Enquirer: 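Once you've had a glance at the structure underneath, I'll fire off some questions.
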Amino acid sequence: MENLNTLTGKYGEEGDRLIFKVLNSGNYLEKVDTTQMESTAESARKILPLISEKALRYDLTVPFARYVVMHKHEISFPFKRYQIQPVWRADRPQKGRYREFYQCDADIIGSNSLFNEFELVQILDEVFTKLNLRVTIKVNNRKILSGIAEYIGASDKITDITVAIDKLDKIGLDKVVEELVQKGLSSDALEKIKPLLHFKPITAMGDETCEYLNQLTGNTATGKKGIEELKSIFDMVMEIPLHSARFEFDITLARGLNYYTGAIFEVKLNEPSSNFTGSLSGGGRYDDLTGIFGLPGLSGVGISFGADRIYDVLEELKLFPESYSHGTKAMLANFGETYKSNNLKLLFSLRQHGISAIYYPEEVKMKKQFEYADSLHIPYVVIIGEEEVNQEKVSVKNMKTGTQEMITISQLTSRLKSNS
RNA sequence: GUAGGUAUAGCUCAGUUGGUUAGAGCAUCAGAUUGUGAUUCUGAGGGUCGUGGGUUCGAGCCCCAUUACUUACCCCA
């Protein structure tokens, strides 16, 4: 839970609408002049701060910035932290999109070094490599986008421009141009921007490319700085290559969150057998997020994993193991009161040896007990009945191979211990 | 915020132009020499067809409302 006014304005116009506002406690209409109320959007906007002071957290980055400011005297900078918690969006739920979901954030605050960006890229690569997911890490830089807007004389329209360009794949060149015109872009600006629309994502940044990009951004200082930063990250990625992730610069990558000022990241799934389109992870650099809480000049960079989306994708691609190897190792069949004591002794002896075992609690048919063991993927079923007691042995059935044999308890123990 | 779609057994779904006791697969349960699963065969139970109205001789099917779920756009994890 956060104060509403610490969240508003940080996530863009769209973001503000998606914040879950919490109604004030008690008589929440106390401060409202009900005679002035109208059912218009504008009236609603005016009344909102009067009836709601709290909101559910929209992401983990803004609350993190608040935390850093609150604890500035106890923190050594550069400060790194990770955090896994639910966040909320007042959105219409749909595939891969939830009202409540878990984000896993990793941030480094209090350092301008681009090495931090590189470290985060390494984390992204390592995580998705370990999860066995092929992904594309898309990267861009807000300064490049600002440079472009500056160059074409439409600094106030950065968001409109990037949002439109972002749709290139989906709606095509003509529609994008149409949308830009509709947003009020001059024909002169449009001419300048057109080469950008033909710029495809690239996976390497040589000097020539940089030079070309400088041209595209009209050699503005901001644009140049962004290109320089981008190249610096690329250089590091070239030097220490990633394990499995594809790393590419995509000039159409925009990101709606207002607070980003430098590098921006987004991770897309790159598996032919899945058509999941949402981003699995995102992030970027924010230069002055702590400023609004009273600690200016602190730059940070962070990424966020969408745990639920990653889970969905792993499920869809069947990458979860069918059962966990460290689950129950053996089930002792229940043969009734006569053999209960033998079973209990064995059960606790096995557990003392660190073997996870259970005793079927009811005296029911063997068929049912075996079905139970099978449904739980328990690899061994141990039987102690008349035969076994007479021979001072136990029967053990390997549920995978179907073979069964009679062995001593010490043989059983070492067998269950050895192949784990 | 905008625009669609769906709602029938525990689950996944059939159900013809409205017409008699609403079906299947899977799951569950019970049996096939009462010490054996994944892989056999036989049988059984289980549904006020989301809810409330309406049209009709008659509604799972048509119309209206309502609720829940879901998909796309917008945007994002």
Side-chain angles (χ1 to χ4, degrees), chain A residues 11-19 41 44-45 57-61 84-106 124 135 138 159-160 162-164 166-167 170-171 175 179 253-258 260 264-269 275-284 302-313 322-323 331-336 338-339 360 363-389 394-406:
Chain A
Y11 309 111
E13 204 177 317
E14 184 73 14
D16 282 354
R17 221 190 60 213
L18 296 178
I19 296 171
R45 192 164 41 243
R57 78 174 88 85
Y58 182 92
D59 70 358
L60 301 179
T61 311
I84 301 173
Q85 273 186 314
V87 299
W88 293 269
R89 306 275 164 93
D91 204 356
R92 279 268 163 95
Q94 54 185 278
K95 192 184 171 83
R97 162 167 291 187
Y98 304 98
R99 282 191 177 142
E100 175 181 0
F101 59 95
Y102 276 77
Q103 284 194 334
C104 314
D105 270 39
L124 289 171
V135 297
K138 284 175 175 281
T159 334
D160 287 341
T162 50
V163 163
D166 190 43
K167 293 179 192 162
K170 287 182 196 163
I171 62 176
K175 292 268 182 186
E179 185 168 328
L253 176 63
R255 314 224 83 225
L257 278 67
N258 277 356
Y260 290 129
I264 44 184
F265 305 106
E266 197 159 295
V267 177
K268 297 271 187 176
L269 186 65
N275 57 2
F276 192 92
T277 51
S279 54
L280 299 179
S281 183
I303 50 169
S304 180
F305 294 90
D308 304 72
R309 282 185 174 177
I310 293 171
Y311 180 97
D312 286 348
V313 165
E322 194 176 298
S323 62
M331 184 184 93
L332 313 194
N334 191 318
F335 257 66
T338 324
Y339 309 99
Y360 195 89
E363 184 188 352
V364 295
K365 288 185 173 179
M366 275 303 98
K367 181 180 159 72
K368 198 169 167 65
Q369 300 195 31
F370 272 83
E371 278 175 350
Y372 180 76
D374 184 48
S375 71
L376 265 59
H377 300 107
I378 297 170
Y380 294 97
V381 173
V382 179
I383 298 164
I384 304 176
E386 194 181 353
E387 291 256 329
E388 288 80 5
V389 170
V394 298
S395 287
V396 56
K397 178 162 182 174
N398 182 322
M399 295 295 279
K400 206 165 183 180
T401 62
T403 56
Q404 181 171 330
E405 52 190 317
M406 227 188 266

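Quantities reported herein were computed from a predicted structural model and do not represent experimental measurements. Here is the naming used below: chain letters follow the sequence lines, and residue numbers restart at 1 for every chain.
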Enquirer: Determine the contact category for A/Tyr98: base if any of its heavy atoms lies under 4.0 Å from a base atom, sugar-phosphate if only primed atoms, P, OP1 or OP2 are that close, otherwise nothing.
Expert: base
Enquirer: Base, sugar-phosphate or nothing for A/Gln103? Non-hydrogen atoms, less than 4.0 Å.
Expert: sugar-phosphate
Enquirer: Taking A/Phe305 as the fixed residue, which of A/Val267, A/Leu280, A/Leu124 is the one that meets the side-chain contact (heavy atoms from CB on, under 4.5 Å) rule?
Expert: A/Leu124
Enquirer: Separation of A/Leu253 atom CG from B/C75 atom C1', in whole Å?
Expert: 13 Å
Enquirer: Would you mind reading off the distance between A/Lys95 atom NZ and B/U6 atom P, rounded to a whole angstrom?
Expert: 19 Å
Enquirer: If you take all heavy atoms of A/Ile303 and A/Phe265, which pair is closest and at what distance?
Expert: CG2-CD1, 4.2 Å
Enquirer: Can you check whether A/Gln94 has a side-chain N or O nearer than 4.0 Å to OP1 or OP2 of B/A72?
Expert: yes
Enquirer: Using whole Å, report how far CE of A/Met331 lies from C1' of B/A38.
Expert: 14 Å
Enquirer: Within the 4.0 Å limit for protein heavy atoms, which parts of nucleotides 27-37 of chain B are touched? Write it as a string from 5' to 3', B for base, S for sugar-phosphate only, - for none.
Expert: --S-S---BBB
Enquirer: Salt bridge or not for A/Arg17 and A/Glu14, using N-O below 4.0 Å?
Expert: yes
Enquirer: If you look at every strand shown and take non-hydrogen atoms under 4.0 Å, does A/Gly15 touch a base, only sugar-phosphate, or nothing?
Expert: nothing
Enquirer: Would you call A/Gln369 and A/Leu332 a side-chain contact if the rule is heavy atoms closer than 4.5 Å?
Expert: no
Enquirer: Should A/Glu388 and A/Tyr339 count as side-chain neighbours, where that means a heavy-atom distance under 4.5 Å?
Expert: no
Enquirer: Quick check: on RNA chain B, is the nucleotide nearest A/Arg309 upstream (toward 5') of the one nearest A/Arg17, or the reverse? Name the residue that is more 5'.
Expert: A/Arg17
Enquirer: Is there side-chain contact between A/Glu386 and A/Phe335, with at least one heavy-atom pair below 4.5 Å?
Expert: no
Enquirer: Using Watson-Crick or G-U wobble pairs with both distances under 3.5 Å, give me RNA chain B in dot-bracket, 5' to 3', with [ ] for crossers and | for pairs to another strand.
Expert: (((((((..((((.....[...)))).(((((.......))))).....(((((..]....))))))))))))....
Enquirer: Please report the distance, rounded to the nearest Å, between CG in A/Leu18 and P in B/U2.
Expert: 14 Å
Enquirer: Between the base of B/U2 and the side chain of A/Arg92, is one N or O donor paired with an acceptor at under 3.5 angstrom?
Expert: yes
